[in-house]
Amino acid sequence: MIVTIDGPAGAGKSSIARQVADRLRFEFLDTGAMYRAVTLGALREQIDLDDTEALVEYARGTTLRWEDYRIYLNGEDVTDEIRTTAVTNAIHYLADLPAVRRQLSLQQRQIAEGRDIVTEGRDQGAEVFPDAECKIFLTASPKERARRRQQQLAQMGRHLSLDEVLEKQNQRDAEDRGRPLGALRPADDAVVIESDGMSSDEVLERALEIVEQAIEAQKVKDC
Ligand code: DC
């Protein structure tokens, strides 16, 4: 069974998706990590980010592996390195390219094939897994997401004003929503969780409830 969890940056998808997978003993796939890893590789190779052909060629020549919640780029574990601001700022150059998206989407389908898996990203329910048995779109208001992000950054010793965080977030939202292929949007059959005012435990319980309903519906279908 495939469970997709999509939503904008800062909605808390990653933590919820991991916990849902854990509780149900499903596997977990972080598709953002795949886009991040290929971007890190392109930066390391100093590829001109405006040279779309070179980016597509680079992406075609790379091997990504996802194992035990770690992402490997050409065999090297880059899980920690992909979280830098430089990578985050450059992702859109690759994520905007349909050829790169098709390649990564194909790999995502191969990883999920025949598995019970929770897959998290932007386009999982609407484009990569249109037939997924359970689709969740997790979101929150821009201000709430920025406030949470500001707290996370402060815990890491980076103190930014709410306006600064909000400005960066608005830019990422615009990039994620404006993509010609793989744009951030809820699938028509996704259940939306709008998490303003909810604790993370409440969000987790709501997500589990949605997945459990889908599991029950699937059992009835299989009968
Ligand atoms: O989930 P994240 O913030 O780690 O994702 C990083 C970026 O990767 C995000 O800004 C957009 C891109 N991405 C994407 O285009 N499609 C996905 N399925 C997942 C992420």
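Since the structure is predicted, the reported quantities are computational estimates derived from the model, not experimental observations. Counting starts at 1 for both ligands and their atoms, in listed order.
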E202 side-chain N/O to S199 backbone N/O, donor-acceptor pair under 3.5 Å: yes

Any donor-acceptor pair under 3.5 Å linking the side chain of T119 with the backbone of T4? no

Any salt bridge (Lys or Arg N to Asp or Glu O under 4.0 Å) involving residues 155-168? Give me the pairs, sequence neighbours left out, ordered by first then second residue. none

For ligand 1, the residues whose heavy atoms come within less than 4.0 Å (ordered by chain, then number): T31, G32, Y35, R36, R83, I91, A95, R101, E120, G121, R122, D123, Q124, R172, D176, R179

Please list, chain by chain and in numerical order, all residues satisfying salt bridge (charged side-chain N to carboxylate O under 4.0 Å, His left out) with R36, sequence neighbours excluded. none

Donor-acceptor pairs under 3.5 angstrom involving side-chain atoms of residues 216-223: please list them, not counting sequence neighbours.
from	atom 1	to	atom 2	distance (Å)
E216	OE2	K219	NZ	3.3

Picking from I117, D123, V3, I2, what satisfies side chain to side chain contact (heavy atoms under 4.5 Å, CB included) with F129? I2

